[in-house]
Number of protein chains: 2
Amino acid sequence: MTATRTRKAAPEAGGSLVDTAYHAMRRRILDNRWAPGFRALEQELALTLGMSRTPVREALIRLANEGLVEVVPRHGMRVLPVSAGDMDEIYQVLGSLEATAAELVAARKPPRAELAPLEAASKAMDAALARDDLDAWAEADERFHRHLVELSGNRLLAATVQNFWDRAHRARMFTLRLRPKPVNSTREHTELVRAIRRGDAAAAREAHRAHRERGRRELTAILARYRLPTL
Amino acid sequence: MTATRTRKAAPEAGGSLVDTAYHAMRRRILDNRWAPGFRALEQELALTLGMSRTPVREALIRLANEGLVEVVPRHGMRVLPVSAGDMDEIYQVLGSLEATAAELVAARKPPRAELAPLEAASKAMDAALARDDLDAWAEADERFHRHLVELSGNRLLAATVQNFWDRAHRARMFTLRLRPKPVNSTREHTELVRAIRRGDAAAAREAHRAHRERGRRELTAILARYRLPTL
DNA sequence: GCATGCTCTAACGTATACATTAAAGTACGC
DNA sequence: GCGTACTTTAATGTATACGTTAGAGCATGC
């Protein structure tokens, strides 16, 4: 898992301690090793990461800007929980931007070869589902959506979507096993790809909108059902 | 101008030097006193702002995250120019999110009173246009759009839009006097408000989409006409 | 028992110190 | 005169020092 990124010994450092701290903390948060609500003082973090407070502080600023943590003056940082309401907001934004991305991709009419990653991701989702491997399924699903926004050709849009996707990641993983098997998603993805291939921008937008709308409804239902106010 | 914010002597500081530095630098950039391409070393900035490098660095991280500046290891910070391509990307994202906001507002069917700020802003735009006061017009226009996204009820969306709006601000102000008088904008705004009042979400989305699309085309045309690669 | 005000600790915000290292300048050989 | 390797400089990244102050704990009075 997350294999494509690893390069050397240090998984994804930019050489600087700030980057090391940023990536290390981000990873722990996304992997839920630092659960929502987790608190730690700057000094503790520095100790944990084997550096001084300075780079830790700078990394925390980035994480705070990205909405993953909150820094409260006397209580250190706190991993932000994501409430049901937050998820709703995130899904609205994601839905809007990804639908636009789908539209843009279709309008660009990219050559078949460029769409290969999308098709590969779709296939991987199918295969994972057949094996009942939900983690692999989720990984492939994320890959599909990441490629989609990247194919839009709008780097700003892609980066923005990625950020919001990160915020929703934990909640998605958590509810992965609570919701009905995602048998529809694959079909919807296929449909979306078909619309893109036809160069039918409106259909692509609509396909994505419907896809996300269903996803949002399912998630909301689960959050309500299990009374999960925050994740 | 920017009257509502001022509170004490320091216009908009949060008490901390980091906040002071952040707001001071952001203001200079948005006001174009630090033009695109402007460079400065951390030490110079610290001197200018009357503080040490530490708070300056932390403020710079925020500004860099927001896409207003770039920090190059040996050459200090640099105010990022916005290329025509960047503007295109920004407008695509803004268009997507604001259209969604319009749709959300309409779907909420808010009471008349809540729409008052929108109508007031529209009126102010008309009045400014009648006086040929383009700055006041632009200010009212920004107010209209800000209120619109705030009325969506989605705080995340509102914050995101505001950020992108900031990035585009300079270019908008620059082209303000190069483009035809914005006589259509007001009419389009009015139409949008009408759709919202009717609670017609689809019409609201479409009205906004058309509005933005025209704006994007006009801007692109100007950038091409005057060969303005960056702003 | 509970509220109020005081003391004291320690976390933070900021300043400063310092080692590292990229970049500019310089001398040298050809 | 031109390219190359060395020296020097200075901007940064990081660590550390330090004053300030929020907040916890405690004593006191009701």
Side-chain angles (χ1 to χ4, degrees), chain A residues 7-29 34-80, chain B residues 7-29 34-80:
Chain A
R7 209 163 273 238
K8 285 189 190 176
E12 37 198 316
S16 82
L17 290 186
V18 180
D19 282 348
T20 307
Y22 169 75
H23 288 295
M25 294 196 283
R26 178 171 175 277
R27 179 53 50 98
R28 285 177 214 227
I29 292 166
W34 285 354
F38 174 84
R39 285 162 169 278
L41 299 173
E42 290 179 5
Q43 186 57 258
E44 306 179 74
L45 296 173
L47 205 65
T48 304
L49 299 171
M51 60 185 72
S52 82
R53 275 175 54 215
T54 310
V56 172
R57 272 179 72 87
E58 300 192 355
L60 282 178
I61 293 170
R62 291 184 56 185
L63 292 171
N65 274 341
E66 288 164 18
L68 291 179
V69 309
E70 174 190 43
V71 176
V72 194
R74 288 269 144 181
H75 303 232
M77 72 108 182
R78 171 167 157 270
V79 175
L80 281 176
Chain B
R7 206 162 275 234
K8 286 188 191 178
E12 37 195 318
S16 81
L17 291 185
V18 180
D19 281 348
T20 308
Y22 170 75
H23 288 296
M25 294 197 283
R26 178 170 175 280
R27 178 55 48 99
R28 285 176 212 229
I29 292 166
W34 285 354
F38 174 84
R39 285 161 168 278
L41 299 173
E42 291 179 6
Q43 187 57 253
E44 305 179 72
L45 296 172
L47 205 65
T48 303
L49 299 170
M51 60 185 73
S52 81
R53 276 175 51 217
T54 310
V56 172
R57 272 180 72 87
E58 300 193 354
L60 282 178
I61 294 171
R62 290 184 59 185
L63 292 171
N65 274 340
E66 287 164 19
L68 291 180
V69 309
E70 172 190 46
V71 177
V72 195
R74 287 270 143 182
H75 302 221
M77 73 109 181
R78 172 167 156 269
V79 176
L80 280 176

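Order of the sequence lines fixes the chain letters, A, B, ..., with proteins taken first and strands second; residue numbering starts at 1 for each chain.
- If you take CZ of B/Arg53 and P of D/dA11, they are 10 Å apart, rounded to a whole angstrom.
- Closest of all the heavy-atom pairs between B/Arg74 and B/Leu41 is O-CD2, 4.3 Å.
- Distance check: B/Tyr22 OH to B/Leu68 CG gives 7.0 Å after rounding to the nearest 0.5 Å.
- Here the C1' atom of nucleotide D/dT21 and the CG atom of B/Leu17 are 15 Å apart, to the nearest Å.
- Rounding to the nearest 0.5 Å gives a distance of 6.0 Å between CG of B/Leu63 and CD of B/Glu66.
- Atom pair A/Leu47:CG and D/dA15:P shows a separation of 12 Å (rounding to whole Å applied).
- The 5' end of DNA chain D is approached more closely, in terms of each residue's nearest nucleotide, by B/His75 than by the other of B/His75 and A/Thr54.
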Could you please spell out the steps behind the side-chain contact (heavy atoms from CB on, under 4.5 Å) verdict for A/Arg53 and A/Gln43? CA-CA 6 Å; A/Arg53 275 175 54 215; A/Gln43 186 57 258; 3.9 Å; yes

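- From A/Arg39, atom CZ reaches atom NE2 of A/His75 across 6.5 Å, with rounding to the nearest 0.5 Å.
- If you check distances only, the side chain of A/Arg74 does reach the base of D/dT21 with a donor-acceptor pair under 3.5 Å.
- Within residues 36-45 of chain A, the residues that have a heavy atom under 4.0 Å from DNA chain C are, in order of number, A/Leu41, A/Glu42.
- To the nearest angstrom, C1' of D/dT12 lies 16 Å from CE of B/Met77.
- Where DNA chain C meets chain B (any atom under 4.0 Å from a heavy atom), the bounding nucleotides read 5' to 3' are C/dT14 to C/dA23.
- Counting all heavy atoms, side chain and backbone alike, B/Ala21 lies closest to B/Leu49 at CB-CD1, 4.0 Å.
- A salt bridge links A/Asp19 to A/Arg62: one of the charged nitrogens lies within less than 4.0 Å of a carboxylate oxygen.
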Given side-chain contact (heavy atoms from CB on, under 4.5 Å), test A/Arg78 with A/Leu80 step by step and report yes or no. CA-CA 6 Å; A/Arg78 171 167 157 270; A/Leu80 281 176; 3.9 Å; yes

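- Taking atom CG of residue A/Asp19 and atom P of nucleotide D/dT14, one finds them 8 Å apart after rounding to whole Å.
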Would you sort out whether B/Leu60 and B/Met25 count as a side-chain contact (heavy atoms from CB on, under 4.5 Å), showing the intermediate values? CA-CA 9 Å; B/Leu60 282 178; B/Met25 294 197 283; 3.9 Å; yes

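- Rounded to whole angstrom, the span from the CD1 atom of A/Ile61 across to the P atom of D/dT14 amounts to 13 Å.
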